[in-house]
Protein chains: 2
Amino acid sequence: MKSLSIKDIAVKANVSITTVSFIINGKAKEKSISEAVIEKVEKIIAESGYKPNQIARSLRTGNSNIIGLIIEDISNSFFSRIARLIEDKAYKRGYKIIYSSTENSVDKAKELINMFKSRKVDAYIISPIKGIEEDVKMLLEDGNPVIFFDRNLPDINTSYVGADHFNASYQSIQSFIDQGKKNIALVTTDINVEQIVERYDGYKKALEDNGIKYDENLVLKIHFNQEESETISQIKQLLEQKKIDAVLFATNYLAISGLKVLKQINKKIGDDFAVIAYDDHEAFELHTPGISTVQQPLEEIAENVIKLILKQLSSKAKPENQQIIIPAKLIIRD
Amino acid sequence: MKSLSIKDIAVKANVSITTVSFIINGKAKEKSISEAVIEKVEKIIAESGYKPNQIARSLRTGNSNIIGLIIEDISNSFFSRIARLIEDKAYKRGYKIIYSSTENSVDKAKELINMFKSRKVDAYIISPIKGIEEDVKMLLEDGNPVIFFDRNLPDINTSYVGADHFNASYQSIQSFIDQGKKNIALVTTDINVEQIVERYDGYKKALEDNGIKYDENLVLKIHFNQEESETISQIKQLLEQKKIDAVLFATNYLAISGLKVLKQINKKIGDDFAVIAYDDHEAFELHTPGISTVQQPLEEIAENVIKLILKQLSSKAKPENQQIIIPAKLIIRD
DNA sequence: GCAATAAAGTAAAACGTTTTACTAATCCAA
DNA sequence: TTGGATTAGTAAAACGTTTTACTTTATTGC
C-alpha cells in the first residue's frame with residue numbers, strides 16, 4: 001500500500017498542495033489561509049494519518065533534524081550512558097540521533113563521517129580519534145556544526161566538552177600518596193587521544209610534585225582492540241610485582257580486567273593495596289570492597305553538548321567556540 | 001561551500017547525468033558505456049571526492065539502506081551489547097542503524113515507529129512492548145520487514161528471535177531446589193511483555209513440578225521507571241524475610257539493585273542464601289562471590305536477527321515467518 | 001468611485017537522484 | 001544493400017516536499 005502524499009491530502013481537501021504545506025508547517029496564519037480551510041485540512045490530515053515524507057522534506061530544505069553521534073563503542077557503558085542522555089535531550093527538542101561506533105579505527109571513523117555527510121545530518125557530535133583531522137576540517141569548512149566530547153583534537157578549532165582528566169588523574173594519585181603509597185602503577189591504553197594523554201600527564205605531574213621518581217616499569221599501556229585474555233595476562237604480569245601498593249586504571253574496561261586479575265591472583269584490596277578506576281561502572285559500587293572511582297559528570301557533559309549544538313543550529317552565525325571542562329569527581333569507596 | 005552533485009560530475013566529464021549515474025551504480029557494462037568513458041568519469045569522481053546524496057537517492061528509490069532499531073534503553077548493557085553486535089553485522093552488509101530507546105513508553109514507541117516510517121527505513125528491528133500491536137500491523141501490511149527480538153507479541157504474525165526464557169527460568173529454580181532451597185523468591189518487573197511473563201511462568205512451573213507451593217509473598221513485581229531508591233527499599237523489605245533462602249532476579253538491573261541491598265543489610269551469599277541473576281553483567285563475574293547468571297546468547301540473537309532481516313530485504317516475496325528460540329545458558333559461579 | 005492594500009490562495013520551480021524510453025551510429029548476415 | 005541487432009549514449013519524468021512569485025477578489029481610505 002502506497003503511503004499518502006501531500007497531494008492526496010490536497011485533492012481530498014480540494015485545495016492546492018501549497019496550502020496544505022503551509023498548514024502543515026504552521027505558516028497558515030502568516031500566509032493568510034482562512035480558518036475554515038485550516039480546520040478542514042487539519043481534520044483530513046488527522047483522519048488519514050498522513051505523515052510528511054521526511055526524505056522529500058530533507059531533500060528540499062537541506063536539513064534532516066538528525067544529529068550524527070560518533071563514538072568509540074556503544075557497548076561501553078560510559079558511551080551508552082552518554083548516548084542515552086544525549087538522545088533523550090535531543091529528542092525533546094525534535095532531533096533524532098544516528099549513532100555509530102568507530103571501534104577506534106580511523107578508516108571506520110572516516111567512513112562514518114562520509115555516511116553522515118551524504119545523509120545530510122544537521123550536526124555532528126564526535127568523540128574523536130587522531131587521524132580524522134582533515135575530514136573534520138572539511139565538515140567545519142562546509143559550515144557544519146561539529147562538537148567534540150570526551151576527547152579533543154588540539155589542531156581543530158571547534159567546541160569541546162569534557163571532564164578535567166588531568167586534574168582527576170592528579171587528584172587520584174595525590175590521594176594515593178596521602179595514604180602513604182609509594183609505588184603507584186598506571187594501567188592505560190596506547191590510543192593516542194588527548195583525554196588519555198592527560199590522564200597520563202596528571203599521573204606524572206602528581207608524582208613529580210611529591211618528589212616521587214617516575215618509574216616506567218609501573219606504567220602499562222594496553223593495545224586497544226586486543227583480546228581481553230591478552231590484556232589480563234599483561235596486567236597480571238604487572239601486578240605480580242610485589243612492591244606495587246596502588247594502581248590507577250585509566251578506563252573502566254581496563255579496571256574490569258584488572259579486577260578479574262586481582263580475583264585470580266587473590267590479591268586483596270585493603271590497607272596495603274589500593275585501586276582507583278577511571279569512569280564509574282556499576283561493578284565498582286558492588287565490588288567488595290567498593291572500588292574508588294573517578295566519576296565523569298555524564299549529565300553535565302550531555303547537557304552542555306546538546307546546548308552548544310542547539311545554539312549553533314538555531315543561530316545562523318557560528319557562535320564562538322567554547323572549551324567546556326567540567327571537573328570530575330573522585331569517589332572514595334569503603 | 002555547496003557539495004558536488006552528479007550534475008557537476010557530468011559537466012566536468014562532458015557526458016550526461018544518466019551516464020554518470022549508470023557508472024556510479026555499477027550498471028555501466030550492462031548499459032553499454034565504453035571503457036574509456038567509465039575510466040574518465042571514475043577518475044573525476046575520485047579526484048573530486050564526490051559522494052552521492054543519499055537523501056535524493058532514497059527519495060527516488062524508496063529505500064534508505066537504514067535499519068531502524070527500537071529498544072527499551074540503550075544504556076542497559078544487554079541492549080547496548082546487542083546493539084553493538086547488530087550494528088556491526090549490519091554495517092558489514094552496507095546497512096546503517098538508527099536506534100532509539102522507548103523507555104517502555106507506548107507513546108514514545110509509537111512516535112518512534114512513525115519517525116522511522118517517515119524516514120523510510122528499510123526494515124525494523126524491535127524489542128516490542130504491549131500496546132503497539134496496531135502500529136506494527138500497519139507496518140507489516142505496508143510490506144515492511146519487521147523482526148522482533150528479546151520479546152514477542154503473540155498476536156503479531158512476524159519473525160521473532162529470542163532466548164528460551166521459560167526454560168532458563170525453570171532451570172534456575174530447579175538448580176536452587178537441587179541445592180535444597182525451599183523458600184525461593186522472584187524479583188521481577190511489572191511490565192507486561194512476553195519474555196518477563198515467561199520467566200515468571202518458568203518460576204511457577206518449576207515450583208509446582210517439585211511440589212512446592214507458590215507463595216505470592218515471595219514474588220516482588222517492581223514498577224518499571226520508578227526511582228532506584230524506591231526499588232531498593234522494596235527489595236530490602238522482601239529480603240528481610242528471614243526464611244528466604246534463594247532469589248532469582250528477572251533482569252540484570254534488578255539484580256544490581258538487589259546486590260546493593262544485600263551489601264546494605266549485610267546479607268551474605270553462600271550456603272544458606274543463593275542468588276541467580278538474569279542477563280549477565282560484568283559486575284556479576286567480579287562480585288565476590290561470583291553471581292550465577294542466566295546468560296543470553298547475544299551473539300546468536302544478533303546473528304539470527306540480521307540473517308532474517310537480510311533475507312527479507314533481498315527476496316521480494318516475504319519469507320515464511322520464523323520463531324527462533326535459542327537456549328540460554330545457566331552459568332553457575334563459585 | 002478609484003487606487004492602493006489586504007486577504008486568500010495557487011502554479012511551478014527546485015532539491016539530486018534513478019530509470020524508462022528513446023536516438024543515432026555502427027555492424028553483420030543474407 | 002538493406003534492415004534487424006548491437007553499441008553508446010541521452011532527455012526527461014518521477015520521487016514528495018518547500019517556497020517564490022504570482023493571481024484574483026475583497027476591503028479600505030479618501
Side-chain angles (χ1 to χ4, degrees), chain A residues 1-42 45 48-66 117-122 142, chain B residues 1-42 45 48-66 114-115 117-122 142:
Chain A
M1 198 176 48
K2 290 290 290 88
S3 61
L4 291 166
S5 78
I6 194 172
K7 192 172 173 188
D8 300 317
I9 304 297
V11 168
K12 254 187 219 159
N14 204 22
V15 297
S16 74
I17 289 180
T18 311
T19 301
V20 177
S21 174
F22 285 153
I23 293 173
I24 291 172
N25 293 290
K27 296 191 180 158
K29 283 277 149 55
E30 137 198 4
K31 297 291 180 178
S32 59
I33 307 295
S34 69
E35 206 47 64
V37 170
I38 296 180
E39 258 173 48
K40 176 172 63 175
V41 172
E42 280 178 344
I45 290 177
S48 63
Y50 162 74
K51 297 272 184 257
N53 179 324
Q54 295 298 336
I55 295 197
R57 216 173 222 186
S58 289
L59 179 59
R60 173 62 229 231
T61 63
N63 46 45
S64 56
N65 280 335
I66 294 189
K117 200 163 30 175
S118 62
R119 293 232 145 69
K120 306 286 174 208
V121 303
D122 291 348
D142 293 357
Chain B
M1 198 174 52
K2 289 294 288 86
S3 60
L4 293 166
S5 78
I6 194 171
K7 192 173 173 189
D8 300 316
I9 304 297
V11 169
K12 255 186 217 157
N14 204 21
V15 296
S16 74
I17 290 180
T18 310
T19 302
V20 178
S21 174
F22 285 153
I23 293 173
I24 292 173
N25 292 292
K27 298 192 179 156
K29 284 276 149 54
E30 139 198 2
K31 298 291 180 175
S32 59
I33 306 295
S34 70
E35 207 45 66
V37 170
I38 296 181
E39 258 173 47
K40 177 171 65 172
V41 171
E42 279 178 345
I45 289 178
S48 64
Y50 162 74
K51 298 270 185 259
N53 180 323
Q54 295 297 337
I55 296 198
R57 216 174 223 187
S58 290
L59 179 58
R60 173 61 229 229
T61 64
N63 48 43
S64 57
N65 279 336
I66 293 188
N114 272 327
M115 159 202 157
K117 197 160 39 170
S118 63
R119 295 232 143 69
K120 306 284 174 211
V121 303
D122 292 348
D142 293 357

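Every chain is numbered from 1 and lettered A, B, ... according to where its sequence line falls, protein lines coming before strand lines.
The side chain to side chain donor-acceptor pair (under 3.5 Å) search around A:Asn53 returns none, not counting sequence neighbours. When the side chain to side chain donor-acceptor pair (under 3.5 Å) test is applied to A:Lys120, the partners found at least two apart in sequence or on another chain are B:Ser3. By the side-chain contact (heavy atoms from CB on, under 4.5 Å) test, A:Ser5 is found to be paired with A:Lys7, A:Asp8, residues two or more places apart in sequence or in another chain being considered. Listed by chain and residue number, B:Asn63 satisfy the side chain to side chain donor-acceptor pair (under 3.5 Å) test with B:Thr61 (two or more places apart in sequence, or in another chain). B:Ser118 meets the side-chain contact (heavy atoms from CB on, under 4.5 Å) test with A:Gln54; sequence neighbours excluded. By the side chain to side chain donor-acceptor pair (under 3.5 Å) test, B:Asn65 pairs with no residue at all, sequence neighbours left out.
Rounded to whole Å, atom P of C:dT17 lies 15 Å from atom CG of B:Asn65. Atom P of nucleotide C:dT18 and atom CD of B:Glu30 are separated by 14 Å, given to the nearest angstrom. When rounded to the nearest whole Å, the span between NZ of B:Lys27 and C1' of D:dT10 equals 16 Å. Put simply, NZ on B:Lys7 is 15 Å from C1' on D:dT10, counting in whole angstrom units. Remark: P of D:dG16 and NZ of B:Lys117 are 15 Å apart, rounded to the nearest angstrom. Following rounding to the nearest Å, B:Lys31 (NZ) and D:dT7 (P) show an atom-to-atom distance of 14 Å. Rounding to whole angstrom units, CD1 of residue A:Ile38 and P of C:dA8 are separated by 10 Å. Rounding to whole angstrom units, CD1 of residue A:Ile6 and P of C:dT10 are separated by 12 Å.
If you check every strand for non-hydrogen atoms under 4.0 Å, A:Lys29 touches nothing.
Sequence neighbours left out, the pairs with a member in residues 18-37 of chain A that pass salt bridge (charged side-chain N to carboxylate O under 4.0 Å, His left out) are A:Lys29-A:Glu35.
Checking D:dG16, D:dA8, C:dT17 against every side-chain atom of B:Ser34, the shortest atom distance belongs to D:dA8. When the nucleotides D:dT17, D:dT18, C:dA8 are ranked by their closest atom to the side chain of A:Tyr50, D:dT17 comes out on top. The side chain of A:Val15 approaches C:dT10 more closely than any other nucleotide in the set C:dA8, C:dT10, D:dT10.
For A:Lys120 and C:dC15, the shortest distance from a side-chain N or O to OP1 or OP2 is not below 4.0 Å. Taking only side-chain nitrogens and oxygens, B:Ser16 comes nearer than 4.0 Å to OP1 or OP2 of D:dT10.
A heavy atom closer than 4.0 Å to some atom of DNA chain D occurs in B:Thr18, B:Thr19, B:Phe22, these being the qualifying members of residues 17-24 of chain B. If you check residues 53-64 of chain B against DNA chain C, the residues with a heavy atom closer than 4.0 Å are B:Asn53, B:Ala56, B:Arg57, B:Arg60, B:Thr61, listed by number.
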When the side chains of residues 13-24 of chain A are checked against the rest of the protein, which donor-acceptor pairs come out under 3.5 Å, sequence neighbours left out?
unit_1  : atom_1 : unit_2  : atom_2 : d
A:Ser16 : OG     : A:Thr18 : N      : 3.4
A:Ser16 : OG     : A:Thr19 : N      : 3.2
A:Ser16 : OG     : A:Thr19 : OG1    : 3.1
A:Ser21 : OG     : A:Asn25 : ND2    : 3.4

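For the pair B:Ile9 and B:Ser48, the tightest heavy-atom approach, listed with the atom from each and the gap, is CD1-OG, 3.5 Å. The shortest non-hydrogen separation linking A:Ser64 to A:Asp122 is N-OD1, 2.8 Å. The two residues A:Arg119 and B:Ile55 make their nearest non-hydrogen contact at O-CD1, 3.4 Å.
Taking only distance into account, the side chain of B:Ser32 meets the base of D:dA8 through a donor-acceptor pair shorter than 3.5 Å.
The NZ atom of B:Lys51 sits 9.5 Å away from the CD1 atom of B:Ile45 when rounded to the nearest 0.5 Å.
A rotation axis mapping the C1' atoms of four pairs onto the next four is fitted at both ends of the helix from C:dG1-D:dC30 to C:dA30-D:dT1 over five pairs, and the angle between these axes is 50° to 10 degrees.
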